Amino acid sequence: MDLTILKNAVNDGDFVLGLALVKNIPENTWNEEISILSASVYHAAGDLPHMFEAIRKGLLLNYKNYELYLLLGNYYEHFNADQAYLCYENALYYCEDPDDAEIIRHFQTNLADRFALDIRPVSIVMLTYNVKDLTIQSIESIRQTLPTGSYELICVDNASTDGIRDWLMGQDDIKLICNETNAGFPAACNAGIKISQPDNDILLLNNDTVLFPNSVFWLRMGLYSSKKTGAAGSVSNMDLNDQTCSGREISINGYEAYAREHNVPEKYPYESKIYLIGFALLIRRHALDSIGLLDLRFSPGTFEDNDYGVRLQAAGFRCLLCHNSIIFHYGSGNGANHNDWCPVGFKNNALFIEKHGYDLLHYIQPKAELIDMIGHTPDDTFSVLEIGCGCGATLSKIKYLYPHATVHGMEIQPELACLGSNNHDIFCGNIEEGRLAYPAGSFDYIILGNLLAHLHDPQKTLCYLSGFLKPSGNILCSIPNVMHFSVILPLLKGNFTYQEYGILNRSHIHFYTLDSILSLFCDCGLHIVKSYSASSAPTQEEAELLEKLPAVSAPADQKRFLAEKYLFSVEKAQT
């Protein structure tokens, strides 16, 4: 395609011709210039979705293109003035042309004149304790990726002995607090927050992290996506709190390239979370002023971030995971401090339970196996009801993966229902009382998780719930298998001991084998659409018993002894 014709059309304001031209640009010819011209044409035509996509394509080619950030600011002016201002700030950061920089400043000034902006600089609070090389690498990544004037850096050293304190003392751009003893993570962070600029947002950043281009930019975009957002967090290579991105197996060198491909505009980059891991936690100043500092009872560290997220939810703020903000995290000082934190974690989890009355770790993981059974595409519109939804982790994941879905939840524990209702339509109730207020035929999916094992009358409940399914709707459930070897082998030795979690969960009322599950569905008039088992490898003792099973009269299929649970998608049988 001859770009001269398109350039002339844009320069002449002939956007009718420009629109006709950009609609026929072959994908294999796309470049930065085409991105800028196309975004300009779509903006003039009022076609904002295609404008956004053109900008996204361009930034995938060059994350430093300031003209595209300027256009991205134009885009966000239609929805969110604070985010638009951040885009103009990022455009200035990458712009090296004085004349163009003046144009960008004009957009900033014009925006500030028309809107009551609430953009704050960031105070980065970093606790340091040894791992000198990692700390220097982290600080250099801050300096290399953030606009000057958009942040201040505060380091609180917890009595390091490897020379990092002397290095920090020689840095002119760092506010430094030197503790004579190791005060722990919460106390050190609180000390850093107290000396920060009083109006700044706070980024708690571990000293074993590496920022990549636009990591913090997109984190701030998430924080300012809504007035209700109290904290924003990044994804990383560390497998914690389901904040892991798919590139976690690559090296630090490959990770930067991965981040450049993913720290880009996304239409739906946010996932609601109950809390966010504190390795890179951006907190809105208003939220911080509302709920206060980290709770020192969780010293020396761990679970202070869990607690902070719950406190934010209780105050009406939301925690957003930004899937387009990727930060590398070595973790525990690249393993140097791992053994120190394990026993502390167990102790502080007990403190969390004592404070809040529930074990949050039991409710924060989405039911991924059941989500995988959803048969819709990300662009589809459908409705979901989850019974026993906890604090809504599964509903949040569904809403992130399927942005057009509507999600609802019911939870029997009041504390969890209240916690989750800050993010979704979740109400407290007991499904066995049969009090759903939705019209019949409301849902494409009803998710039960392991609920059937906890019910007094599962058949009655299944029949009741099936009335709320659409004609082609499905019930998704996971049912523990009492025939699993972890139950059978101890039983043969005379042991049947209840546990806190798992197949012999002490709150289970009913126990199932595959045959009893199939009978239950049949009695409820439910037809199996798809099913599979989640199995585990037997121990040596279990394997030896498995070999002897053929000697038993008509034993069941050996696979049934390996299945820990069965997962089903069922629908109302056609009459």
Side-chain angles (χ1 to χ4, degrees), residues 271-274 362-479 517 520-521 524-531 567-573:
E271 179 183 350
S272 297
K273 303 289 285 187
I274 293 300
H362 189 54
Y363 302 100
I364 58 173
Q365 287 300 321
K367 301 177 181 74
E369 295 167 316
L370 295 181
I371 295 174
D372 289 344
M373 298 182 87
I374 289 176
H376 282 78
T377 71
D379 294 326
D380 289 341
T381 299
F382 58 91
S383 55
V384 178
L385 171 66
E386 183 182 10
I387 308 297
C389 65
C391 51
T394 298
L395 297 177
S396 291
K397 181 62 72 173
I398 291 172
K399 191 64 180 173
Y400 166 64
L401 296 172
Y402 302 94
H404 305 294
T406 57
V407 297
H408 311 266
M410 182 181 195
E411 170 55 42
I412 196 169
Q413 296 188 60
E415 301 87 354
L416 296 173
C418 182
L419 195 62
S421 66
N422 193 50
N423 298 312
H424 305 295
D425 173 32
I426 295 174
F427 64 96
C428 184
N430 183 345
I431 189 58
E432 294 204 271
E433 295 176 355
R435 295 179 181 175
L436 291 180
Y438 304 103
S442 291
F443 299 104
D444 295 281
Y445 300 96
I446 297 177
I447 298 175
L448 302 184
N450 290 336
L451 183 71
L452 293 176
H454 296 264
L455 299 177
H456 291 88
D457 192 340
Q459 181 177 341
K460 179 181 177 181
T461 300
L462 274 175
C463 291
Y464 173 67
L465 286 173
S466 65
F468 293 92
L469 286 174
K470 292 181 180 179
S472 58
N474 298 99
I475 292 176
L476 309 180
C477 58
S478 171
I479 305 177
I517 296 169
L520 174 64
F521 291 148
C524 295
L526 295 171
H527 167 73
I528 296 174
V529 178
K530 51 185 165 182
S531 66
L567 298 107
F568 293 93
S569 175
V570 299
E571 64 182 4
K572 288 185 287 188

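Note that the structure is predicted; figures quoted are calculated from it, not measured.
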Notebook entry, point to check: With Ser421, which residues qualify under side chain to side chain donor-acceptor pair (under 3.5 Å), at least two apart?
Noted result: none

Next item on the list: Output all residues satisfying side chain to side chain donor-acceptor pair (under 3.5 Å) with Ser272, sequence neighbours left out; order by chain, then residue number.
Entry: none

Reported [atom1]-to-[atom2] distance for the pair [X] and [Y], which is rounded to 0.5 angstrom:
X: Lys530; Y: Glu571; atom1: NZ; atom2: CD; result: 11.0 Å
X: Lys572; Y: Ile475; atom1: NZ; atom2: CD1; result: 9.0 Å
X: Leu520; Y: Ile517; atom1: CG; atom2: CD1; result: 8.5 Å
X: Thr461; Y: Ile387; atom1: OG1; atom2: CD1; result: 9.5 Å
X: Ser569; Y: Ile528; atom1: OG; atom2: CD1; result: 10.0 Å
X: Gln413; Y: Cys391; atom1: CD; atom2: SG; result: 10.0 Å

Next item on the list: Test Met373 against Leu567 for side-chain contact (heavy atoms from CB on, under 4.5 Å), laying out the working first.
Entry: CA-CA 9 Å; Met373 298 182 87; Leu567 298 107; 4.1 Å; yes

For the residue pair [X] and [Y], establish whether any side-chain heavy-atom pair is separated by less than 4.5 Å.
X: Lys397; Y: Glu271; value: yes
X: Leu469; Y: Leu465; value: no
X: Asp380; Y: His404; value: no
X: Ile431; Y: Leu451; value: yes
X: Glu432; Y: Leu455; value: yes
X: Leu416; Y: Tyr363; value: yes
X: Val570; Y: Val529; value: no
X: Val407; Y: Phe382; value: no

Next item on the list: Would you please test Cys389 and Ile426 for side-chain contact (heavy atoms from CB on, under 4.5 Å) and show each step?
Entry: CA-CA 8 Å; Cys389 65; Ile426 295 174; 3.6 Å; yes

Item checked: N/O donor-acceptor pair under 3.5 Å between Glu411 side chain and Gly390 backbone -> yes

Notebook entry, point to check: Side chain of Lys399, backbone of Ala405: donor and acceptor closer than 3.5 Å?
Noted result: yes

Residues 438-448 side chain polar contacts: donor-acceptor under 3.5 Å, at least two apart:
residue: Tyr438; atom: OH; partner: Asp425; partner atom: OD2; Å: 3.3
residue: Ser442; atom: OG; partner: Pro439; partner atom: O; Å: 2.4
residue: Asp444; atom: OD2; partner: Ser383; partner atom: N; Å: 2.9
residue: Asp444; atom: OD2; partner: Ser383; partner atom: OG; Å: 3.2
residue: Asp444; atom: OD2; partner: Lys470; partner atom: NZ; Å: 3.1
residue: Tyr445; atom: OH; partner: Gly375; partner atom: N; Å: 2.9
residue: Tyr445; atom: OH; partner: His376; partner atom: ND1; Å: 2.7

Next item on the list: For Lys460, enumerate each residue passing the side-chain contact (heavy atoms from CB on, under 4.5 Å) test, keeping only those at least two apart in sequence or located in another chain.
Entry: Asp457

Next item on the list: Apply side-chain contact (heavy atoms from CB on, under 4.5 Å) to Lys367 and list each qualifying residue two or more places apart in sequence or on a separate chain.
Entry: Leu370, Glu386, Thr394

Note to self: My understanding is that only residues two or more places apart in sequence, or in another chain, count here; which of them pass salt bridge (Lys or Arg N to Asp or Glu O under 4.0 Å) with Glu369?
What the structure shows: Lys565

Next item on the list: Walk me through it: do Cys524 and Tyr464 pass the test side-chain contact (heavy atoms from CB on, under 4.5 Å)?
Entry: CA-CA 9 Å; Cys524 295; Tyr464 173 67; over 6 Å; no

Check: Pick one: which of Ile398, Ile371, Leu476 meets side-chain contact (heavy atoms from CB on, under 4.5 Å) with Val384?
Finding: Ile398

Margin query: Testing the basics here: between Thr377 and Tyr402, what is the closest heavy-atom pair and its distance to 0.1 Å?
Written below: O-CD2, 3.4 Å

Checklist line | Non-hydrogen atoms of Pro366 and Ile364 that approach each other most closely | finding: CD-O, 3.5 Å

Next item on the list: Determine, stepwise, if the pair Ile274 / Leu419 fulfils side-chain contact (heavy atoms from CB on, under 4.5 Å).
Entry: CA-CA 8 Å; Ile274 293 300; Leu419 195 62; 3.7 Å; yes

